[in-house]
Number of protein chains: 2
Amino acid sequence: MPFDPGVPLLEHIATMLPSLRPSERQVANTVSEDAAFVVASTMAAVAEAAGVSEPTVMRFCTSLGFDGFQQFKLALAQSLALGLPSTLSAISAEDSVSELATKVFDHTISSLDRTRRYLDAVSLGAAIDAILGATSMTVAGLGASGVIALDVEQKAVLFGVPCSVPSDSHQQFMAAALAEPGQVFLVVSNTGSTSTILQIARRARDNGATVVAITGDETSELAGIADVTIAVKTFEDTDRDTPTVSRIASLVIVDVLATAVSLRRGAAHAARLASMKEQLAAFRRLT
Amino acid sequence: MPFDPGVPLLEHIATMLPSLRPSERQVANTVSEDAAFVVASTMAAVAEAAGVSEPTVMRFCTSLGFDGFQQFKLALAQSLALGLPSTLSAISAEDSVSELATKVFDHTISSLDRTRRYLDAVSLGAAIDAILGATSMTVAGLGASGVIALDVEQKAVLFGVPCSVPSDSHQQFMAAALAEPGQVFLVVSNTGSTSTILQIARRARDNGATVVAITGDETSELAGIADVTIAVKTFEDTDRDTPTVSRIASLVIVDVLATAVSLRRGAAHAARLASMKEQLAAFRRLT
DNA sequence: CTCGGGTCTGTAGTCAAACTACACAGACTC
DNA sequence: GAGTCTGTGTAGTTTGACTACAGACCCGAG
């Protein structure tokens, strides 16, 4: 059974732990406790650190689905590069500033990595096509998701369609009530179950607009309402207070959408953007 | 000279290229063209692919500052895990949706990695202390940086100080004109040279507020004005139309600040946040 | 309680790959 | 034009990954 690179390695080891032999578990513990040491060491050194023989280390690697120790070491090095998954490096009040920063960055990066792996190209493609064919786009998002909506507004020029971002739920609902076929309604909600947002999405869809949802839960009610659902898989933030990583992942998704739509619009669109950029640079200096 | 892991490896190779010997450059090209192959291969295979002898490959590794081929391979594997830097995987109109998504994510992830590496813990610590000791916080940012300002507003509860985010430049200037000692003025500007923002920052500082700058250019005029400057190093976005990656990096920095400040405020603050969270969850379902 | 089968773990050995010492070839200088 | 120095490949050595095998332990059955 070959190792699936889609699952973070240290997580994979934890999963496999029960099915490993006793001495192999000692190796697993050694790896979990100081992965950096293992990456830098030879098989003999790892064997000694774990208190077992070399072939046991070898067996540990093959049990995990690798061809050998070398391959395992390479995979371990790669998983370390993304930073330790949040589950393995909980944030505590005793952390120094630089530890804290490293942990938050690690967490964000490995979350983005996960989002990338679980991303559905078909849904993305459908969303891009919908925007390319739309007469206008309206973005709805409340609270934290409102930040994403504002980001879409910043990128409106890339999308190349009139793009409105009503700021509060009443304005968003009014826009949904006035929605027409040919319009795209981009609805952002991490939970996918905020009732206000659901009403807005439902109304927009009933009026014939194409509803594109960006949500963290693809089984949510919002996903059921939307014509196209883009799932944003991240690590859960149970111990954190604001869903920052999911917000950042959504921003990257919006970036993908904007880039794709802009590219598909062709050269004339690109030229207009370049011109806009120049004028903006001049404006920045003057005002 | 040991290799500095702070610089992405493939970039480092490109930098070192002129100082390499001709045959070593062939190795460098082979590595740049198909890094994944090199990671999976032995020294002999790489030597053959590059059309040189094994010791030349070895010399190439030592020239880059590594102890040997093994160490180089490990480092290469790690840099691959972060995705290829944008310079090596330019976005083109012919890309499929999934290629495009991968490239945008790769670019974002490796940019965040760079930001993390260049982050200055001292500045961050100074910013955290400033916010902890402040009576109130005002956030100023225009255009794309306005999104960051809005994100700070979302996290205001974490900071635990009254937090105002004037939406346009005139309101921001008025707030700066009314600034007093004890207040923190968080100024966000990627370029650090937008004249409006500079005037706002200068006025806030002259009125005695502590000015904390988040900027992409630590040599900018804004950095000179601010009491504390947090530099957000990312890859340059010359071929892209909106500075999305720098915006995302800044968001993560804000997340670090918010998390740190929140933790330092202690248990009572944490309890209030938990209570707020519960009430918000109920509100989401009802409205 | 003892005997047999099966599983687990370490010992010894082999092979391949990384690393090193050296010699030759080409180029540049004096 | 000769000498020296830089650059590159050849041949050899060593180390570490991988493999075959044997001993030890555990469990169940007689």
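Here is the naming used below: chain letters follow the sequence lines, and residue numbers restart at 1 for every chain. Everything numeric in this text was worked out from a predicted model, so none of it was measured.
Side-chain N or O atoms of B/Arg25 include one that pairs as donor or acceptor with a backbone N or O of B/Leu17 at under 3.5 Å.
The CD1 atom of B/Ile230 lies 5.0 Å from the CD1 atom of B/Ile214; values are rounded to the nearest 0.5 Å.
When heavy atoms are screened at a 4.0 angstrom cut-off, B/Ser53 is found touching base atoms of the nucleic acid.
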Please list, for nucleotides 17-24 of chain D, all pairs of protein and nucleotide N/O atoms separated by less than 3.5 Å.
{"unit_1": "D/dA17", "atom_1": "OP1", "unit_2": "A/Met43", "atom_2": "N", "d": "3.0"}
{"unit_1": "D/dA17", "atom_1": "OP2", "unit_2": "A/Met43", "atom_2": "N", "d": "3.0"}
{"unit_1": "D/dC18", "atom_1": "OP2", "unit_2": "A/Phe69", "atom_2": "N", "d": "2.7"}

> Where do A/Thr259 and A/Asp255 land on the side chain to side chain contact (heavy atoms under 4.5 Å, CB included) test, with the steps shown first?
Replying inline: CA-CA 6 Å; A/Thr259 308; A/Asp255 197 21; 3.7 Å; yes
>> What verdict does the side-chain hydrogen bond (donor to acceptor under 3.5 Å, both in side chains) test give for B/Ser220 and B/Asp217, after you've listed the backbone C-alpha separation in whole Å, the side-chain angles of each residue and the deciding distance to 0.1 Å?
In response: CA-CA 5 Å; B/Ser220 64; B/Asp217 183 3; 4.9 Å; no
>> Assess the residue pair B/Phe69 and B/Thr42 against the criterion (side chain to side chain contact (heavy atoms under 4.5 Å, CB included)); give the C-alpha distance rounded to whole Å, side-chain angles, the decisive distance to 0.1 Å, and a yes or no.
In response: CA-CA 9 Å; B/Phe69 181 68; B/Thr42 70; 5.5 Å; no
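By the neighbour-count criterion of 12 heavy atoms within 6.0 Å, atom CD of B/Glu48 is sparsely surrounded, having that number or fewer from other residues, nucleotides or ligands.
Computed from coordinates, the B/Phe72 CZ to C/dC19 P distance equals 12 Å when rounded to whole Å. Between the C1' atom of C/dA18 and the CG atom of B/Leu74 lies a distance of 14 Å, rounded to the nearest Å. In this structure, A/Arg21 atom CZ and C/dC8 atom C1' are separated by 7 Å, rounded to whole Å.
B/Thr56 has no side-chain polar atom (N or O) that falls below the 4.0 Å cut-off from OP1 or OP2 of D/dT8.
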